[in-house]
Amino acid sequence: MALSQIIFLVIAAATLVAALLVVISRNLVHSALWLIATLFGVAIFYGFLSAGFFAVAQVVIYIGAIAILFIFSVMLTRRLMQDNSPQINRGWPLALLLAILFFGGVLGMYNTWPEFAAMAPEMAAEANPLEQLGLALVSPNAYVLPFELASILLVAAMIGAIYLAWEKK
Amino acid sequence: MIPLSWYLIFAAALFSIGLFGVLSRRNAIAILMGVELMLNAVNINLIAFWRYRAVEQIAGQAFAIMVFAVAAAEVAVGLALVISVYRRQNTIIAKEIDMLKW
């Protein structure tokens with residue numbers, strides 16, 4: 001087994017354990033911290049997939065903004081969910097069954113696909129995916145419309161969030 | 001070299017964990033954390049398919065960017081809603097937020 005495969009397996013196992021702890025921790029602050037660990041693992045995978053820009057964006061957007069937002073809102077709402085009340089609802093065995101069934105179903109579907117175990121094609125030496133991405137996002141022939149729609153969505157979400165969380169006197 | 005299947009299995013496992021979290025947690029903030037895990041799993045799939053199947057096209061990366069933007073918008077609005085509900089109802093347990101139920 002090659003070294004890169006061993007590194008992959010170690011990081012994958014650590015990330016999945018962290019994700020599991022996000023879901024089952026009793027203390028929500030711990031959940032948020034494990035969420036940061038999971039997001040770091042995913043960022044490393046973006047690096048493996050030679051999408052360095054996404055590794056950086058993952059750290060900046062997810063860990064720098066979203067995870068911190070989670071920690072703030074946990075601290076703003078924490079008083080009521082103290083640790084003696086149950087954190088998981090009564091229907092959790094059904095939820096577990098559904099999640100396992102989903103996982104099994106997806107794996108079964110993948111197994112019918114002949115190119116499931118494909119290897120990565122070599123990237124051309126002069127290929128520059130970041131430049132390509134930047135050009136595609138502003139080119140009228142490619143993705144300028146979804147890109148602008150995404151920015152409108154972000155502005156709308158920001159105004160909506162400010163309005164919703166505003167304390168009315 | 002790592003085959004495509006490893007990334008897909010990892011992403012499916014991450015998505016299932018997130019799904020379990022969304023369905024089983026009582027706290028609204030914890031439910032949003034589960035949604036974040038699921039969005040991350042989808043993003044890994046998008047980038048992995050871009051790298052392994054269509055490396056000369058850029059669609060996979062472009063849509064991963066869209067997923068980032070949607071995730072940021074979703075979490076901002078979701079947490080603002082949670083805080084607003086907490087102020088009015090003094091609870092963030094998803095089952096007790098039933099103002100719209102007659």
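The chains referred to below are lettered A, B, ... by the order of the sequence lines, with proteins before strands, and numbering in each begins at 1.
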* Which atoms of A/S50 approach chain B - backbone, side chain, both or neither, heavy atom under 4.5 Å -> both
* To do: Name the region of B/I2, side chain, backbone, both or neither, that has any atom closer than 4.5 Å to a heavy atom of chain A.
  => both
* Segment of A/L16 engaging chain B (4.5 angstrom heavy-atom cut-off) -> both
* Please determine which of A/I7, A/T15, A/I11, A/L49 meets the side chain to side chain contact (heavy atoms under 4.5 Å, CB included) test together with A/I44. => A/I11
* Measure distances from A/L107 to the heavy atoms of chain B and classify the residue's part below 4.5 Å as side chain, backbone, both or neither. => side chain
* **Heavy-atom proximity to chain B below 4.5 Å, by part of A/A12** => both
* For A/A67, is it the side chain, the backbone, both or neither that has a heavy atom under 4.5 Å from a heavy atom of chain B? -> neither
* Asked: What part of B/A41 lies closer than 4.5 angstrom to a heavy atom of chain A: side chain, backbone, both or neither?
  -> neither
* **B/L39 vs B/E74 side-chain heavy atoms within contact, under 4.5 Å** => yes
* Asked: Do the rings of A/F8 and A/F48 sit parallel, tilted or perpendicular, given the 30° and 60° boundaries?
  -> parallel
* **B/Y7 ring center near B/F49 ring center (under 6.0 Å)** => no
* Asked: Which bit of B/V85 is near chain A, if near means a heavy-atom gap under 4.5 Å: side chain, backbone, both or neither?
  -> neither
* Structure fact -> Under 4.5 Å to a heavy atom of chain B? For A/Y163 that would be neither
* **Which atoms of B/W50 approach chain A - backbone, side chain, both or neither, heavy atom under 4.5 Å** => side chain
* What part of B/M33 gets closer than 4.5 Å to chain A, counting heavy atoms only: side chain, backbone, both or neither? -> both
* A/L35, part contacting chain B, at a heavy-atom distance under 4.5 Å -> side chain
* To do: Under 4.5 Å heavy-atom distance to chain A, tell me which part of B/R87 shows up: side chain, backbone, both or neither.
  => side chain
* Asked: So which part of B/A11 gets closer than 4.5 Å to some heavy atom of chain A, the side chain, the backbone, both or neither?
  -> neither
* Check whether A/F103 gets within reach of chain B through its side chain, its backbone, both or neither, counting any heavy atom under 4.5 Å. => both
* Check whether B/L81 gets within reach of chain A through its side chain, its backbone, both or neither, counting any heavy atom under 4.5 Å. => both
